[in-house]
Amino acid sequence: MSFRDDFEKIIEPIQLNQNMPKEDFNAKSFPLIQFIRDHVPNQLYKFRGCTEHSLDAFEKDELWLSKASLFNDPHDSLFFFDKESILKAANEMFSVENVQTMLERIKQGTVSLEQIHFPNADIRQKMVETIVSFDAQQLTEMIWKTIPDFSEFLEKCFYSAKDGIREQTKMVCLSESIKSPLMWAHYADNNKGFALGYDFTNNDITICSNCPNRNCNNIISASIYPIIYSDKRFNATRYGQWLVEQLVNSRFGFPTNPCYDDQFLFIKAALYKSKDWAYENEWRIICSTANPALEGRDRYPIPKRPMAIYLGCQIPEVYRKILIHMADEKGIPKYQMCVKNYSEKYELDFDPI
């Protein structure tokens, strides 16, 4: 069992909500934070092609975050709704038997009128009198006429929630593997690019991490997590059930909850990827900011100084010279990737420059 399997077991039961007391939030977060501190590698790598944007980011010590919809994996941050399970629960909720039980509770006074959100007590009383005037079969039919088609509603919920995560969550992807031929081929322009090494121990991600001004409008909250490689997408069925419950409550004037009880769910969904991508050995920085102008962008940078640079084994000489000069100005170590002629392994290696 890998540490990523252990990580999945840690995050599964964690439910975080901005409305919970700070002490509870910290207590629930602690196992997660401690696990990351214990397992984050001494160095993680960002692979880049020799583009104007990549050279500029290196010069300015910037790491750029992007929304998931711009990534090369169409399943990235895409969760799963068990639609049949949700529809079954809805059908059971509004069965004649359950409606009969609800009617009896209303008649017995075990459902408080104050729980029904209407302007005044007279309207609430008339609503209750109207409800109890129906028998269970009549009321069940009325409910199903009032509520839109659940299947269609779930489709809308799924696409809205999916787009919310894939369009709003900003992330940067890094790898544990500097010697992976696939990483160099896929993300560093077929070995003609470069990679930068970064230190994220102690969860020290941005300059905001150590800034005492927690009321700054431009503060960027960031955390780093290992990716979980799985045969199945993250299961957000409980979230889908909650969306249905909120719809029903709003239609009948009952209280709704504007905040889902597990806001960490949206981060969880971004931490699951298919096992087909396991070769990446990915870690992911996920950021958010209270600045709407910044959060609304498709991409934005966070300041982070690299600790080393690695040049692809087929990098053009002109870019090799440029990057060596830039690294010398920063005073960071430089390494040249290479293929060892007398090694039996299918992996790249590197030599200091």
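Residues take their numbers from the sequence shown, with the count starting at 1.
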Practice prompt. Test side-chain contact (heavy atoms from CB on, under 4.5 Å) on Ile224 and Leu44 and set out the steps.
Written response: CA-CA 11 Å; Ile224 191 166; Leu44 289 169; 3.6 Å; yes
Tell me whether [X] is salt-bridged to [Y], with the criterion being a basic N under 4.0 Å from an acidic carboxylate O.
X      : Y      : value
Arg4   : Glu176 : yes
Lys268 : Glu12  : no
Asp328 : Lys334 : yes
Arg166 : Asp76  : no
Lys60  : Asp56  : yes
Arg238 : Asp261 : yes
Lys304 : Glu62  : no
Asp351 : Lys340 : yes

Nearest 0.5 angstrom please: [X] [atom1] to [Y] [atom2], how far?
X      : Y      : atom1 : atom2 : value
Leu32  : Arg37  : CG    : CZ    : 10.5 Å
His39  : Trp283 : NE2   : CH2   : 8.0 Å
Asn341 : Asp349 : CG    : CG    : 11.5 Å
Gln241 : Leu87  : CD    : CG    : 10.5 Å
Leu65  : Asp298 : CG    : CG    : 12.5 Å
His186 : Asn191 : NE2   : CG    : 10.5 Å

Non-hydrogen side-chain atoms of [X] and [Y] separated by less than 4.5 Å:
X      : Y      : value
Arg48  : Asp189 : no
Asn17  : Cys259 : yes
Thr169 : Ser77  : no
Met171 : Ile286 : yes

Out of curiosity, does [Y] fall in the hydrophobic cluster containing [X] (side-chain heavy atoms, cut-off under 4.5 Å, transitive links)?
X      : Y      : value
Met307 : Ile324 : no
Val172 : Trp64  : no
Val339 : Met183 : yes
Phe3   : Tyr272 : yes

Side-chain donor/acceptor of [X] to backbone N/O of [Y], under 3.5 Å:
X      : Y      : value
Ser175 : Glu280 : yes
Lys170 : Tyr300 : no
Ser29  : Phe25  : yes
Asp24  : Pro21  : no
Ser274 : Trp277 : no
Gln336 : Gly312 : yes
Lys192 : Ala185 : no

What pair of heavy atoms forms the shortest contact from [X] to [Y], and how long is it?
X      : Y      : answer
Ile315 : Cys50  : CD1-SG, 3.9 Å
Ser85  : Thr237 : OG-CG2, 4.3 Å
Ile14  : Lys28  : CD1-O, 3.7 Å
Pro306 : Asp61  : CD-OD1, 3.4 Å
Tyr335 : Ala308 : CE1-CB, 4.0 Å
Pro13  : Ile10  : CD-O, 3.2 Å

Worksheet item: Which residue, Leu196, Val318, Ile309, forms the side chain to side chain contact (heavy atoms under 4.5 Å, CB included) with Leu323?
Response: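 When side chain to side chain contact (heavy atoms under 4.5 Å, CB included) is applied between Leu323 and each of Leu196, Val318, Ile309, only Ile309 qualifies.
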Would you please indicate yes or no on a ring centroid separation below 6.0 angstrom for [Y] and [X]?
X      : Y      : answer
Phe80  : Phe234 : no
Trp184 : Phe47  : yes
Phe79  : Phe81  : yes
Phe350 : Tyr310 : yes

Practice prompt. Check the pair Glu167, Ser69 against side-chain hydrogen bond (donor to acceptor under 3.5 Å, both in side chains), reporting the backbone distance first and the verdict last.
Written response: CA-CA 6 Å; Glu167 293 292 326; Ser69 62; 3.0 Å; yes
Practice prompt. Go through the steps to decide whether Tyr187 and Tyr45 satisfy the test side-chain contact (heavy atoms from CB on, under 4.5 Å), and finish with yes or no.
Written response: CA-CA 11 Å; Tyr187 299 104; Tyr45 307 96; over 6 Å; no
Practice prompt. Please step through side-chain hydrogen bond (donor to acceptor under 3.5 Å, both in side chains) for the pair Tyr260 and Gln246, ending with a clear verdict.
Written response: CA-CA 10 Å; Tyr260 184 56; Gln246 301 313 301; over 6 Å; no
Practice prompt. For side-chain contact (heavy atoms from CB on, under 4.5 Å), just list the numbers for Trp242 and Asp262, CA-CA rounded to whole Å, side-chain angles, deciding distance to a tenth of an Å, and then say yes or no.
Written response: CA-CA 11 Å; Trp242 177 83; Asp262 182 18; over 6 Å; no
Discussion item. Taking CD in Glu317 as the centre, count heavy atoms belonging to other residues, nucleotides or ligands within less than 6.0 Å. Is the count above 12?
Written reply: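 Yes, enclosed.
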Worksheet item: Should the heavy atoms of other residues, nucleotides or ligands under 6.0 Å from CG of Asn42 be counted, would the total exceed 12?
Response: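 No, not enclosed.
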Practice prompt. Show your working on side-chain contact (heavy atoms from CB on, under 4.5 Å) between Tyr198 and Leu174 and close with a plain yes or no.
Written response: CA-CA 9 Å; Tyr198 293 92; Leu174 304 112; 4.0 Å; yes
Worksheet item: Would you call the rings of Phe194 and Phe58 parallel, tilted or perpendicular if under 30° counts as parallel and over 60° as perpendicular?
Response: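 If you compare the ring of Phe194 with that of Phe58, the planes turn out tilted.
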Worksheet item: Parallel under 30°, tilted from 30 to 60°, perpendicular over 60°: which one fits the rings of Tyr225 and Phe7?
Response: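 Ring orientation of Tyr225 relative to Phe7: tilted.
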Fill in: Asn281 and Ser177 side chains, donor-acceptor separation under 3.5 Å
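There is such a pair between these side chains.
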Worksheet item: Please walk me through it: do Glu59 and Lys330 pass salt bridge (Lys or Arg N to Asp or Glu O under 4.0 Å)?
Response: CA-CA 9 Å; Glu59 182 179 19; Lys330 295 178 181 297; over 6 Å; no
